[in-house]
Colleague: 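The structure's right below; bear with me while I get my questions together.
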Amino acid sequence: MFCLSLFQSGKTVLANFLSDTTERLGGEYRPTQGVRMVSFECDLESSSDHQPCEVTLWDCSGNFKFESCWPALTTDSCGVVLVYNPTVPSQLREIESWFSMFVSSQGLQDTQCVLVAHRQPGDTHTHADTHSDLASPLSSLMVIQSNLEENPEAVRQHFYTYLQKVVKVVTESRERDEMSIIT
């Protein structure tokens with residue numbers, strides 16, 4: 001799973017929360033340098049055999065000085081999480097370029113991508129319908145409204161719903177590949 005965000009959108013805080021890597025939210029901002037891998041297991045209720053799902057988030061810097069590394073990081077990814085701050089209008093406009101670069105170019109289905117409109121701690125802006133502000137190629141994507149101060153468990157549950165979709169796509173693809181070998 002590939003997780004990329006625009007500059008200072010809160011991607012690392014979100015990755016730490018989803019993986020239970022940290023006990024507290026917030027703290028001093030420290031930009032991700034290149035990439036940081038966060039692995040964890042979660043129990044997806046829709047899994048027929050109820051096996052834990054192993055997830056590795058590649059917490060990638062959105063800083064363009066690391067752009068030369070991005071193609072290697074996206075190879076064989078089965079999902080993309082694009083994190084942005086919906087209160088910064090320029091990030092909403094840039095997200096279409098990121099989608100093209102990291103989802104469309106990899107041949108991933110829309111269900112394998114999720115947009116996370118992540119609100120920063122202390123953000124006083126009212127909750128807006130950012131989905132209606134998205135450009136046409138993005139309007140069919142799942143959008144998670146993330147505010148870890150107000151409702152962290154809802155964010156986790158929405159993320160698990162997204163993971164279930166990714167697992168389904170990967171499982172179906174694997175089954176098709178196995179059937180093509182048999183026949």
Side-chain angles (χ1 to χ4, degrees), residues 1-6 9-22 25 32 35-60 62 73-86 91-92 94-96 98-120 127-175:
M1 184 85 49
F2 182 71
C3 184
L4 181 86
S5 74
L6 302 171
S9 64
K11 159 196 52 61
T12 297
V13 170
L14 185 62
N16 287 344
F17 168 75
L18 292 171
S19 64
D20 289 323
T21 303
T22 186
L25 300 174
T32 303
V35 66
R36 180 180 73 101
M37 292 173 53
V38 181
S39 296
F40 60 99
E41 287 186 357
C42 61
D43 187 23
L44 301 179
E45 294 174 9
S46 72
S47 174
S48 59
D49 56 3
H50 295 287
Q51 294 289 322
C53 178
E54 294 182 23
V55 178
T56 301
L57 291 175
W58 291 56
D59 178 3
C60 302
L73 300 174
T74 60
T75 302
D76 294 332
S77 64
C78 48
V80 175
V81 179
L82 295 171
V83 182
Y84 67 100
N85 183 338
Q91 289 192 1
L92 194 58
E94 291 173 29
I95 206 77
E96 187 175 355
W98 293 91
F99 176 79
S100 175
M101 197 178 326
F102 296 103
V103 180
S104 298
S105 67
Q106 298 301 310
L108 297 176
Q109 298 176 20
D110 286 354
T111 54
Q112 292 174 272
C113 179
V114 65
L115 302 177
V116 180
H118 183 68
R119 301 203 179 267
Q120 302 292 323
H127 178 78
D129 180 16
T130 55
H131 201 267
S132 64
D133 296 333
L134 294 172
S136 176
L138 306 175
S139 61
S140 63
L141 299 177
M142 178 182 185
V143 178
I144 298 173
Q145 299 293 332
S146 170
N147 185 327
L148 299 179
E149 289 182 323
E150 289 181 11
N151 199 348
E153 286 311 308
V155 174
R156 186 182 315 273
Q157 288 308 313
H158 288 304
F159 182 73
Y160 283 5
T161 298
Y162 161 69
L163 284 179
Q164 289 170 342
K165 293 175 183 181
V166 171
V167 167
K168 181 179 180 194
V169 169
V170 170
T171 301
E172 288 173 353
S173 175
R174 186 173 299 140
E175 288 172 355

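These figures come from a predicted structure and were not determined experimentally. Atom set for the values below is all heavy atoms of this structure, side chains included, hydrogens, waters and symmetry mates excluded. Index from 1, following the sequence.
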Colleague: For S39, enumerate each residue passing the side-chain hydrogen bond (donor to acceptor under 3.5 Å, both in side chains) test, keeping only those at least two apart in sequence or located in another chain.
Modeller: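 Checked S39 against side-chain hydrogen bond (donor to acceptor under 3.5 Å, both in side chains); matches are T56.
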
Colleague: Measure the shortest side-chain to side-chain distance between D59 and K11 over non-hydrogen atoms and say whether it is less than 4.5 angstrom.
Modeller: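 A side-chain contact exists here, since the closest heavy-atom pair is under 4.5 Å.
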
Colleague: Say whether, by atom type as modelled, one donor and one acceptor occur between the side chain of Q112 and the main chain of Q109 under 3.5 angstrom.
Modeller: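 Side chain of Q112 to backbone of Q109, a donor-acceptor pair under 3.5 Å: yes, one is there.
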
Colleague: Do the side chains of I95 and L82 get nearer than 4.5 Å, heavy atoms only?
Modeller: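 A side-chain contact under 4.5 Å exists here.
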
Colleague: Roughly how far, to the nearest 0.5 Å, is OH of Y162 from CE of M142?
Modeller: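 Here the interatomic distance stands at 9.5 Å.
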
Colleague: I'd like to check L148 versus H118 (side-chain heavy atoms, cut-off strictly below 4.5 Å). Are they in contact?
Modeller: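 Yes. Closest side-chain heavy atoms under 4.5 Å.
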
Colleague: How many angstroms lie between OG in S77 and CG in L108, if you round to the nearest 0.5 Å?
Modeller: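 Answer for the OG-CG pair, S77 versus L108, is 5.0 Å.
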
Colleague: Restricting to non-hydrogen atoms, name the atom on S19 and the atom on F40 that form the minimum distance, rounded to 0.1 Å.
Modeller: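 That closest heavy-atom pairing would be CB-CD2, 3.3 Å.
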
Colleague: Got D43 and C53 here, is their nearest side-chain heavy-atom distance under 4.5 Å?
Modeller: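 Heavy-atom side-chain distance check fails, nothing below 4.5 Å.
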
Colleague: Distance from N85 atom CG to R119 atom CZ, nearest 0.5 Å?
Modeller: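 Answer rounded to 0.5 Å: 7.5 Å.
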
Colleague: Any side-chain heavy-atom pair from V155 and N147 closer than 4.5 angstrom?
Modeller: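 SC-SC contact between V155 and N147 ruled out.
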
Colleague: For V169, is there any backbone N or O sitting under 3.5 Å from a side-chain donor or acceptor partner on S173?
Modeller: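 Absent.
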
Colleague: Can you label the angle between the W98 ring and the F102 ring as parallel, tilted or perpendicular, going by 30° and 60°?
Modeller: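 Rings of W98 and F102: parallel, as their planes differ by under 30°.
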
Colleague: I need the minimum non-hydrogen distance between C42 and V55, along with the two atoms involved.
Modeller: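 Distance-wise, the nearest heavy atoms are SG-CG2, 4.1 Å.
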
Colleague: To the nearest 0.5 angstrom, please state how far the CD1 atom of I144 sits from the CZ atom of F159.
Modeller: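 I144 atom CD1 to F159 atom CZ measures 7.0 Å (nearest 0.5 Å).
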
Colleague: Under 3.5 Å, side chain of S100 to main-chain N/O of E96, donor-acceptor pair present?
Modeller: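 It does not hold such a pair.
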
Colleague: Check whether any side-chain heavy atom of R156 sits under 4.5 Å from a side-chain heavy atom of D20, and report yes or no.
Modeller: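 Yes, at least one pair of side-chain atoms sits under 4.5 Å.
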
Colleague: Kindly indicate whether the side chain of L14, heavy atoms from C-beta on, has any atom under 4.5 Å from the side chain of V116.
Modeller: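 In short, these two side chains touch, coming nearer than 4.5 Å.
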
Colleague: Kindly indicate whether the side chain of H158, heavy atoms from C-beta on, has any atom under 4.5 Å from the side chain of Q145.
Modeller: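 A side-chain contact under 4.5 Å is absent here.
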
Colleague: Taking atom CD of E153 as the centre, report whether more than 12 heavy atoms of other residues, nucleotides or ligands fall under 6.0 Å from it.
Modeller: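 Yes, enclosed.
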
Colleague: If I compare all heavy atoms of A15 with all of V38, which pair ends up nearest, and what's the gap?
Modeller: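 Minimum heavy-atom contact is O-CG1, 4.2 Å.
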
Colleague: Does the pair V167 and L44 meet the rule for a side chain to side chain contact (heavy atoms under 4.5 Å, CB included), with working shown?
Modeller: CA-CA 9 Å; V167 167; L44 301 179; 3.9 Å; yes

Colleague: How far does NZ of K168 sit from CG of L163, to the nearest 0.5 angstrom?
Modeller: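 These two atoms lie 15.0 Å from each other.
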
Colleague: Any ion pair linking K165 and D110 (charged N to carboxylate O, less than 4.0 Å)?
Modeller: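 Not counted as a salt bridge, because no side-chain N and carboxylate O are separated by less than 4.0 Å.
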
Colleague: What I want to check is whether the side chains of R36 and N16 have a donor and an acceptor closer together than 3.5 Å.
Modeller: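 R36 vs N16: donor-acceptor pair found between side chains.
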
